[in-house]
Amino acid sequence: MARDVNSKPLRAVVAAVQLPGVSDVELDASLTELRQLAKTLGFEVVHRFTQKRAGFDSAGYFGTGKRAELKAIVEGGADIVLVDHEISPSQAHTLEQEVGCEVMDRTMVILEIFHRHARSRAARAQVEIARLGYMAPRMREAAKLAGPKDRARSGTGGRSGGESHGELDRRKIRDRIAELQKELDGMKLERKTQRARRQERQGLARVVLVGYTNAGKSTLMRALTASDALVADKLFATLDTTVRALHPESVPRVLVSDTVGFIKNLPHALVASFKSTLDEALEASLLAHVVDASDPGFERQLAVTGDVLEEIGAKDVPRLLVFNKIDRAGDAAGQEALEASLRARYPGCIVMSARRAADLARLSDTIRAFFERDLVEAELFLPWAAQSLRGEIFAKCKVLAERADAEGAFLRVRGDPEALKGLHERFGLKPATTLK
Ligand SMILES: Nc1nc2c(ncn2[C@@H]2O[C@H](COP(=O)(O)OP(=O)(O)O)[C@@H](O)[C@H]2O)c(=O)[nH]1
Ligand SMILES: [Mg+2]
């Protein structure tokens, strides 16, 4: 799936069997989510394909006639089929053969997204464990498909006890999972170091967007930062590629980052790795929790997000609740009523639409105000010998006034108390005065 960013996006078909107990609304919600996940991977979704069936076809997921229909669609212009269920390797194999292009199931799509978003060592290990767990039974089946040929080959090889390729690979997978698990257990001890690192980053203004897939996180991220340029800051080079500065730039600079969205239909085996990809939420100074207000199930999603954030230890990170997509919540009167009720129930929340410029400006102002709320003024003395520190001071504080004498410069600044304290401590810059 590694692709040149400059190449044309792969054209994808999202496809599902609609089982008897599944309503049209449920099917629609799940396929909308799959479509969104596909976009996250950079696919262009060109077609939606469904079949009502009493069960999955054991040979090829869709029935024979439907597979032929899908083949015609693929020939008409698609590169990959995304199936909205977890299917077996033999089903995937049959589909690929008959339809004539690559097939990915829902679990694999999600694993690929997590893989791309896992940045911390713990998150990478956790995602790798899930990926191997997904592969292990598939290798067993692949070995079965390969059958006697595989066994015959292994008989002449140097392997002990006539192990087949499949068995050997499975053992390797088990060993690797055990190794990763041990690594993970070891990392629990590093929590303290993480906490220290978090403290070091305090004073750096970071907004992290969290919430369900399709709530509008990436849209808001783009609107708030109004730029495709990544923040090329050394401090953040090790973090993700989706960190950008709030635009127009503020002082102190506010950085905005996006996270993997919560997924409604998340296979149970992937829960732990999903949580691990969220660990950057712990480094946020402010969590912007984005909710799709037009989704009838938003209250449940709100509760689930809250629980998970608490579980990963982000309970105490200040939170801004953003109800987005209000423009989709019925007619004008309906929208007004919903907005009023949300404001009453969730004090301090923002109700908005990413489609309205005025709403976007209000969100941006609210974020800026959050970071300015606790700023204090101070005067820093910068000796002439230490002028190389000017850049850092200007990056972290707003310089209100400057005067100089024979020894150096006095800078009257406004900034985050933690950042100012850090400047004092690290460079021995004495605050001449700390004003309120
Ligand atoms: N009508 C409407 N659509 C929106 C709004 N915000 C985002 N969208 C659309 O919702 C879809 C999902 O948005 P996206 O930002 O990718 O969601 P994410 O999964 O949370 O990152 C996209 O098609 C957006 O254009 C909004 O306020 N109103
Ligand atoms: Mg997104």
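Numbering of ligands and ligand atoms starts at 1, following listing order. Since we're looking at a predicted model, the values are computed, not measured.
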Problem - From Ile87, Ile263, Leu82, residue fulfilling side chain to side chain contact (heavy atoms under 4.5 Å, CB included) relative to Arg106 - result: Ile263
What protein heavy atom lies closest to [atom]? Include the residue and the distance to one decimal.
atom	answer
atom 6 (N) of ligand 1	Asn324 ND2, 3.1 Å
atom 11 (C) of ligand 1	Asn214 OD1, 3.4 Å
atom 3 (N) of ligand 1	Arg355 NH2, 3.1 Å
atom 28 (N) of ligand 1	Asp327 OD1, 2.7 Å
atom 27 (O) of ligand 1	Ala354 N, 2.7 Å

Per-atom contacts of ligand 1 with [X], taking only distances under 4.0 Å to non-hydrogen atoms:
X	answer
Lys39	23 (O)
Tyr212	20 (O)
Thr219	7 (C), 13 (O), 14 (P), 15 (O), 24 (C)

Practice task
Can you figure out which of Arg356, Arg328, Lys325 has its heavy atom closest to atom 4 (C) of ligand 1?
Solution key: Lys325
Completion exercise
Looking at Gly211, Ser353, Gly216, Ser218, the heavy atom closest to atom 17 (O) of ligand 1 belongs to Gly216
Are side-chain heavy atoms of [X] and [Y] found at a separation under 4.5 Å?
X	Y	answer
Lys217	Asn324	no
Glu311	Leu278	no
Ile326	Arg356	yes
Asp57	Arg67	yes
Lys8	Glu44	no

Exercise for the section: For atom NE2 of His85, decide whether the heavy atoms of other residues, nucleotides or ligands shown that lie under 6.0 angstrom number more than 12. Expected result: yes
Handout entry: Carboxylate-amine/guanidinium proximity below 4.0 Å for Asp185 and Lys182
Key = no
Exercise for the section: In plain terms, say whether Arg390 and Glu402 are close enough for a salt bridge, that is, a side-chain N and a carboxylate O under 4.0 Å apart. Expected result: yes
Quick one: does [X] get an N or O within less than 3.5 Å of an N or O on ligand 1?
X	result
Lys217	yes
Ile326	no
Gln36	yes
Ala215	yes

Problem - Heteroatom test (N, O or S) for Ser218 near the Mg ion (ligand 2), limit 2.8 Å - result: yes
Exercise for the section: For a salt bridge (Lys or Arg N to Asp or Glu O under 4.0 Å) with Asp295, tell me which candidate from Arg328, Lys325, Lys264, Arg300 qualifies. Expected result: Lys264
